[in-house]
Amino acid sequence: CDRVHFRPLIRPHTDPSLGHCSYLNTCYSEPTYAQSPSIPAYPGRGKEKAPCRYLHYEVDWDPTDAENEKTKERVAVKGKPHRLEIGLGPPGREATPLPPQWINCDLRKFDYSVLGKFHVIMADPPWDIHMSLPYGTMTDDEMRAMPIPALQDEGLLFLWVTGRAMEVGRECLRVWGYTRVDEVIWVKTNQLQRVIRTGRTGHWLNHTKEHMLVGVKTPSSPSDGPETELKFPKWVNRGVDTDVIVSEVRETSRKPDEVYGLIERMCPGGRKVEIFGRKHNARPGWLTLGNQLGPADQIWEEDLLERVRAK
């Protein structure tokens, strides 16, 4: 393997049960740091302190690695070097995203047929989670009746759920024709980077996290049975990000910016729409729909603008 590996430094004073040192290679109590002539003494502290008993690491290297370098070079010439293949998304090319677009509308009555098809849909619905909320909610039947299937023939759906909506959201995915393939967890922190424990949400426990279901929809033929293996869209980049986001809370219902980065890496380019958004959700490359986006719509896609004006 041509990757960098590490091995633990087990010294007489090391206690592996303590786990790894939070400072690792910047730990000023680590003998490796204290004995290094290339690192100057820390101002006001010096370099001589009681050794840190937590676990530290060093690069796992030995002299035989140097002898194998020439062999590796010869192999690299014959074979293709390993790299993480990141696709360019549905367009297959790099392109500058359009400026943010939005349409202010009542999503329960809006004619979704004017929008066309999208590669990515993200929705943060006002679920009725049987709690007092600072906004209006939609019933389960209204959510099931949402015309989400009309917006995609093939693509990804990211659906935010919390509380009892975790079960309702999964049901909606099935009703809309999606297969749930993954789930992202947002761990909420406050300004001090500590987990939220306010007691504002949750019937039994304080909710410190929210969930975002990831669904996939692909074209299928009548011959495809229930046991047909799911085929992901060819343009989806898989295995790039993790399923946990730790980020600070902001305005009511505002989701972390890291979510957009995750989605845009999975699907570079292509058409993206966010449903139930607010002005702070507007983002380059996305169309935002909601009833709190102001009186003036902003549409840059000419064909979309024509269809909206015609309606």
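Using a cutoff of 4.0 Å between basic side-chain nitrogens and carboxylate oxygens, Arg164 and Asp140 are scored as salt-bridged. Of the charged side-chain nitrogens involved, at least one lies within less than 4.0 Å of a carboxylate oxygen, so that Glu183 and Arg170 count as a salt-bridged pair. Here Glu154 does not pair with Lys217 in a salt bridge; the nearest charged N to carboxylate O distance is not below 4.0 Å. Using a cutoff of 4.0 Å between basic side-chain nitrogens and carboxylate oxygens, Arg271 and Glu301 are scored as salt-bridged.
Applying the 6.0 Å contact sphere to OH of Tyr112 captures more than 12 heavy atoms from other residues, nucleotides or ligands. Counting non-hydrogen atoms of other residues, nucleotides and ligands closer than 6.0 Å to CZ of Arg108 gives a total of 12 or fewer.
Here the closest non-hydrogen pair linking Pro284 and Pro97 is C-CB, 4.2 Å. Contact between Ser247 and Glu258 at its shortest, heavy atoms only, is OG-OE1, 3.2 Å. When all heavy atoms of Pro233 and Thr218 are compared, the closest pair comes out as CD-CG2, 4.0 Å. Pairing each heavy atom of Leu159 with each of Gly169, the nearest pair is CD2-O, 3.7 Å. Across all their heavy atoms, Met266 and Phe158 have their closest contact at SD-CZ, 4.0 Å. Residues Trp127 and Ala165 approach most closely at CG-CB, 3.4 Å, considering heavy atoms.
With sequence neighbours left out, the salt bridge (Lys or Arg N to Asp or Glu O under 4.0 Å) criterion links Arg250 to Asp257. In this structure, Glu274 has no salt bridge (Lys or Arg N to Asp or Glu O under 4.0 Å) partners at least two apart in sequence or on a different chain. With sequence neighbours left out, Lys279 forms a salt bridge (Lys or Arg N to Asp or Glu O under 4.0 Å) with no residue at all.
Atoms CE and SG, on Met146 and Cys172 in that order, are 9.5 Å from each other to the nearest 0.5 Å. Taking CZ of Arg7 as the reference point, atom CG of Asp60 lies at 4.5 Å (rounded to 0.5 Å). We find the CG-CD1 distance between Leu98 and Ile299 to be 12.0 Å, quoted to the nearest 0.5 Å. Put simply, CG on Leu157 and CD1 on Ile275 are 8.0 Å apart, with the number rounded to the nearest 0.5 Å. With rounding to the nearest 0.5 angstrom, the CG atom of Leu262 is 12.0 Å from the SG atom of Cys267. Within the model, atoms SG of Cys21 and CG of Leu55 stand 9.5 Å from one another, a figure rounded to the nearest 0.5 Å.
Within the 4.5 Å cutoff, the side chain of Ile103 has heavy atoms near those of the Leu115 side chain. With contacts defined as side-chain heavy-atom distances shorter than 4.5 Å, the pair His5/Val59 does not qualify. You'll find the side chain of Glu264 reaches within 4.5 Å of the side chain of Arg283, heavy atoms only. With a 4.5 Å cut-off on side-chain heavy atoms, Met122 and Trp286 count as touching. Contact annotation: the side chain of Val259 approaches that of Ile245 to within less than 4.5 Å [non-hydrogen atoms, C-beta and beyond]. No side-chain heavy atom of Leu151 sits under 4.5 Å from any side-chain heavy atom of Pro149. Put simply, the side chain of Lys272 does not reach to within 4.5 Å of the side chain of Phe118, judged on heavy atoms. Side-chain contact between Val246 and Val187 is present, with at least one heavy-atom pair separated by less than 4.5 Å.
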> Does the side chain to side chain contact (heavy atoms under 4.5 Å, CB included) test come out yes or no for Gln101 and Gln298, once each step is laid out?
Replying inline: CA-CA 5 Å; Gln101 303 182 94; Gln298 179 167 295; 5.5 Å; no

>> Determine whether Leu173 and Thr179 satisfy the following criterion, side chain to side chain contact (heavy atoms under 4.5 Å, CB included), listing intermediate values before the conclusion.
In response: CA-CA 7 Å; Leu173 286 181; Thr179 301; over 6 Å; no

>> Could you walk me through whether Gln152 and Ile121 satisfy the side chain to side chain contact (heavy atoms under 4.5 Å, CB included) test, starting with their C-alpha distance in whole Å, then the side-chain angles of each, then the deciding distance to 0.1 Å, before giving a yes or no?
In response: CA-CA 8 Å; Gln152 270 187 339; Ile121 300 172; 3.7 Å; yes

>> Between Phe276 and Trp160, does the ring-ring contact (aromatic ring centres under 6.0 Å, His included) criterion hold? Intermediate values first, please.
In response: CA-CA 11 Å; Phe276 302 105; Trp160 286 99; over 10 Å; no

>> What verdict does the side chain to side chain contact (heavy atoms under 4.5 Å, CB included) test give for His20 and Tyr54, after you've listed the backbone C-alpha separation in whole Å, the side-chain angles of each residue and the deciding distance to 0.1 Å?
In response: CA-CA 5 Å; His20 69 261; Tyr54 286 83; over 6 Å; no

>> Go through it in stages, so that I can follow the logic: the residues are Asp15 and Ser17, the test is side-chain hydrogen bond (donor to acceptor under 3.5 Å, both in side chains), and I'd like the CA-CA distance, side-chain angles, deciding distance and then a yes or no.
In response: CA-CA 5 Å; Asp15 184 354; Ser17 66; 2.6 Å; yes

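In the hydrophobic clustering of ILVMFWY residues, with side-chain heavy atoms under 4.5 Å counting as a link, Ile185 and Met166 come out apart. Linking ILVMFWY side-chain heavy atoms closer than 4.5 Å, directly or via other members, places Leu107 and Val175 in a single hydrophobic cluster.
In this structure, Leu9 stands alone, with no Ile, Leu, Val, Met, Phe, Trp or Tyr side-chain heavy atom under 4.5 Å from its own, directly or through other members. As a member of the Ile/Leu/Val/Met/Phe/Trp/Tyr network built from side-chain separations under 4.5 Å, Leu293 groups with Trp102.
Annotation: side chain to side chain donor-acceptor pair (under 3.5 Å) contacts involving residues 302-311, sequence neighbours excluded, comprise Asp111-Lys311.
Lys209 and His211 share a side-chain donor-acceptor pair at under 3.5 Å. Side-chain contact check for Glu210 and Thr162: no donor-acceptor pair (N or O, by modelled atom type) lies under 3.5 Å.
In this structure, Thr242 contributes its side chain and Val244 its backbone to a donor-acceptor pair below 3.5 Å. Asn237 contributes a side-chain N or O that, together with a main-chain N or O of Gly87, makes up a donor-acceptor pair within less than 3.5 Å.
Remark: Arg238 qualifies as a cation-pi partner of Phe232 under the 6.0 Å distance and 45° angle criteria applied to the six-membered ring.
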